[in-house]
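Both backbone and side-chain heavy atoms feed into the values below; hydrogens, waters and symmetry mates do not. Model, not experiment: these values are computed from the prediction. Sequential numbering from 1 along the given sequence is applied to the chain's residues.
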Amino acid sequence: MQQFDLIIIGGGPGGYLCAERAGKAGLRTALLEKRALGGTCLNEGCIPTKSLLYCAKQYQTMLHCEEYGIAAQNVSYDHAAAVVRKDGIVQTLVRGVGVSMKKHGVAVFSTEGKITGKTGDLFTVSAGAESLFAPRLVLASGSSAVVPPIPGVRDGLASGFVMTNRELLSLQAKPNSLVCIGGGVIGLEMACYFASIGTKVTVIEMMSKIAGNTDPEICALLMRTYRKQGMEFCLNAKVESLTEHSVIYSDASGKHEISCDRVLLSAGRRADVSGLNTEAIGVALERGAVVTDEHMRTNIPGVWAIGDCNGKLMLAHTAYREAEVAVNDMLGKKDRVDYSIIPSVIYTTPEVASVGETEQSALEKGLDIQVVKAPMALSGRYLAENPKGTGFCKLLYDRKNRCVVGVHLIGSYASEIIYGAAMMVHSKLPVQHLDKIVFPHPTVGEVVREALFML
Ligand code: FAD
């Protein structure tokens, strides 16, 4: 029996950052993780995908290197070597989380945590053979890939023909052909990686466009670019069934069959609280996700839920922010999560990054918006690196409140530029103040300044 000030179940970005902040604040903290510290993000999500995408980008550069005055012959790609490199990066980061836990005095239990009830003011959690007690509990159990109820999907998963991100990211041999079911961010990043290294990739998407709520003009340019890279898209299409080696889908023109080596399930993720035994203390769930308010409190005083398991905005940086808010809340510091200023990114070539309102959401809110669009080619750095590039920055300006309410970028470095745009949206600074910000020259980020001057 061990007593703590706080027990956290789940060691992904939500859980480990919460543990770090709580430990730093002096709370005796226990962190329970049943698989690997770092969760989905470090082990089978954000980091593995970015590591592989980087390798594929280098390969593409080498394939087209005459453009840069470089001669190279017999350029080839070793996918297995890229996976080994990726695994090394993951191990370094996972070790780093372990070191940080030690530094912050966090007790890590490498086992499944199960809520067993409440004794007086203390929640009780089983951690393998141990029983832990604490007056505060944070649920950070993450999410899992949606397995759509398609005939043949279970058999496909059992045979290895069908995979989730977990299996595909560790596949040693490059598939010759891959079908991605779902054209959201995860499907697109995987599709882009495999297409770049020579796999024939088809994305089947139920909606009329890829990339979810991304700005439609950006989606159109993104799809045109992907098509040039050899990816194929079936939009407004529904997967009907899977055979041993093919995917059968239907669209307005009828039924079609695609033979392929592998299928990726990228039809979304759902909050995963299975195994937590939330019923033991009556934590309220809605469609499988823990219900929370803006302070990350659940319906049970003393219990918070952060990250993907609350189903709000399934991104690692959302989990980070929610972790900070939960710790501040338990320490009595005023804080809340503002979901409207959380950026989203697609790390393919080209990159896409957005923050704030879209034209559609602004319209729905009745905002009086001016939309300006600046081509990235206005930036000398962008042109130097992408002489034929067609990237752009779209900026949404709220005429009434005289501030920037949305920024949408497509093109290189978009992922690195977007936090500056998020600061503009968050601060609601009037444009005459933003105009005074000096951007380093030459940078692709200058495109945001150009857009501001178009207002
Ligand atoms: P997780 O990272 O899922 O961690 C939850 C942890 O809890 C897991 O390790 C699990 O083993 C553990 N756990 C669950 N139940 C128990 C239990 N009962 N006892 C003990 N441990 C338990 N987001 C981004 O922001 N940027 C990206 O580029 C990005 N890329 C992605 C790419 C892919 C392929 C995928 C799948 C996701 C990506 N995401 C990205 C999303 C991101 O990974 C998640 O939003 C993030 O990991 C959520 O963090 P979390 O702490 O809530 O959950």
Side-chain angles (χ1 to χ4, degrees), residues 1-45 90 93-119 121-144 166 271-283 285 288-290 292 296-298 300 302-311 316 319-320 322-324 326-327 329-330:
M1 271 178 14
Q2 294 191 54
Q3 191 171 333
F4 292 91
D5 296 325
L6 167 67
I7 299 171
I8 302 165
I9 306 181
Y16 75 70
L17 195 87
C18 186
E20 220 172 274
R21 296 289 191 267
K24 196 169 180 193
L27 295 180
R28 279 175 303 142
T29 303
L31 177 70
L32 281 63
E33 171 52 56
K34 64 178 176 183
R35 292 175 70 92
L37 284 177
T40 305
C41 173
L42 260 54
N43 296 284
E44 53 197 59
V90 168
L93 288 169
V94 170
R95 264 198 310 274
V97 174
V99 170
S100 172
M101 293 304 101
K102 265 204 187 111
K103 186 177 156 201
H104 291 93
V106 176
V108 175
F109 293 82
S110 304
T111 177
E112 183 169 45
K114 190 171 174 186
I115 305 168
T116 46
K118 200 173 177 195
T119 312
D121 287 342
L122 302 177
F123 297 101
T124 58
V125 174
S126 71
E130 303 239 32
S131 276
L132 314 181
F133 296 81
R136 303 174 193 84
L137 186 57
V138 168
L139 311 179
S141 54
S143 62
S144 52
R166 178 173 291 168
D272 188 358
V273 295
S274 60
L276 287 184
N277 196 28
T278 48
E279 312 79 66
I281 48 171
V283 174
L285 305 180
V290 183
T292 54
M296 313 327 302
R297 297 177 194 158
T298 68
I300 306 294
V303 183
W304 293 259
I306 58 174
D308 286 8
C309 76
N310 65 34
Y320 281 158
E322 291 179 342
E324 288 168 351
V327 173
D329 195 49
M330 56 188 86

request  = List for me each residue that meets salt bridge (Lys or Arg N to Asp or Glu O under 4.0 Å) alongside D272, sequence neighbours excluded, and say none if there are none.
outcome  = none
inquiry  = Looking at K34, is its backbone amide N or carbonyl O close enough to the side chain of E112 to form a donor-acceptor pair, meaning the two atoms are under 3.5 Å apart?
reply    = no
query = How close do I8 and A140 get, heavy atom to heavy atom, and via which atoms?
reply = CG2-CB, 4.4 Å
query = Could you give the distance from CG (D329) to CZ (R297), rounded to the nearest 0.5 Å?
reply = 4.0 Å
inquiry  = Using every non-hydrogen atom in the two residues, find where A323 and G14 come nearest and quote the distance to one decimal.
reply    = CB-O, 3.4 Å
With sequence neighbours excluded, residues passing side chain to side chain contact (heavy atoms under 4.5 Å, CB included) with A25 = L331
query = Rounded to the nearest 0.5 Å, what separation is found between the CG atom of L122 and the CD atom of Q3?
reply = 5.0 Å
request  = Please round to the nearest 0.5 Å and tell me the distance separating atom CD of E322 and atom SG of C309.
outcome  = 8.5 Å
remark   = Residues passing the side chain to side chain contact (heavy atoms under 4.5 Å, CB included) test with A22, sequence neighbours excluded, are L6, L27, T29, V327
inquiry  = Under the criterion side-chain contact (heavy atoms from CB on, under 4.5 Å), I'd like the reasoning laid out for D308 against T40: C-alpha separation, chi angles, the key distance, then a yes or no.
reply    = CA-CA 10 Å; D308 286 8; T40 305; 5.7 Å; no
message = Can you list everything that forms a side chain to side chain donor-acceptor pair (under 3.5 Å) with R166? Sequence neighbours excluded, please.
response = E44
Indicate every side-chain donor-acceptor pair of residues 102-111 with a distance under 3.5 Å to a residue at least two apart or in another chain.
{"unit_1": "H104", "atom_1": "ND1", "unit_2": "S100", "atom_2": "O", "d": "2.8"}
{"unit_1": "H104", "atom_1": "ND1", "unit_2": "S100", "atom_2": "OG", "d": "3.4"}
{"unit_1": "T111", "atom_1": "OG1", "unit_2": "G128", "atom_2": "N", "d": "3.4"}

key: Residue pairs passing the salt bridge (charged side-chain N to carboxylate O under 4.0 Å, His left out) test where at least one lies in residues 127-141, sequence neighbours excluded   = none
inquiry  = Tell me which pairs pass salt bridge (charged side-chain N to carboxylate O under 4.0 Å, His left out) where either residue lies in residues 10-33, with sequence neighbours left out.
reply    = D5-R28, R21-E324
ask   = Testing L32, I115, T116, N277 for side chain to side chain contact (heavy atoms under 4.5 Å, CB included) with S126, which one passes?
value = T116
ask   = Which heavy-atom pair separates A305 from V290 by the least distance, and what is that distance?
value = CB-CG1, 3.5 Å
Residues in side chain to side chain contact (heavy atoms under 4.5 Å, CB included) contact with T119, at least two apart in sequence or another chain = T124, F133
query = Sequence neighbours excluded, which residues qualify as side chain to side chain contact (heavy atoms under 4.5 Å, CB included) partners of A316?
reply = P13, C41, C46
task = Indicate the atoms forming the closest heavy-atom contact of Y16 with L42, along with that distance.
result = OH-CD1, 4.1 Å
ask   = Which atoms form the tightest heavy-atom contact between G302 and F123, and what is the distance?
value = O-CE1, 3.7 Å
inquiry  = Between T298 (side chain only) and V303 (backbone N and O only), is there a donor and an acceptor less than 3.5 Å apart?
reply    = yes
task = Measure the CE-CG distance between M101 and L37 for me, rounded to the nearest 0.5 Å.
result = 7.0 Å
inquiry  = Atom NZ of residue position K114 - does it have more than 12 heavy atoms of other residues, nucleotides or ligands inside 6.0 Å?
reply    = no
ask   = Between A280 and G117, what is the shortest heavy-atom contact and its length?
value = CB-N, 4.1 Å
message = Quick one, I281 and L137 - any side-chain contact, counting heavy atoms below 4.5 Å?
response = yes
Point-to-point distance, once rounded to the nearest 0.5 Å, from CZ of F4 to CG of L31 = 10.5 Å
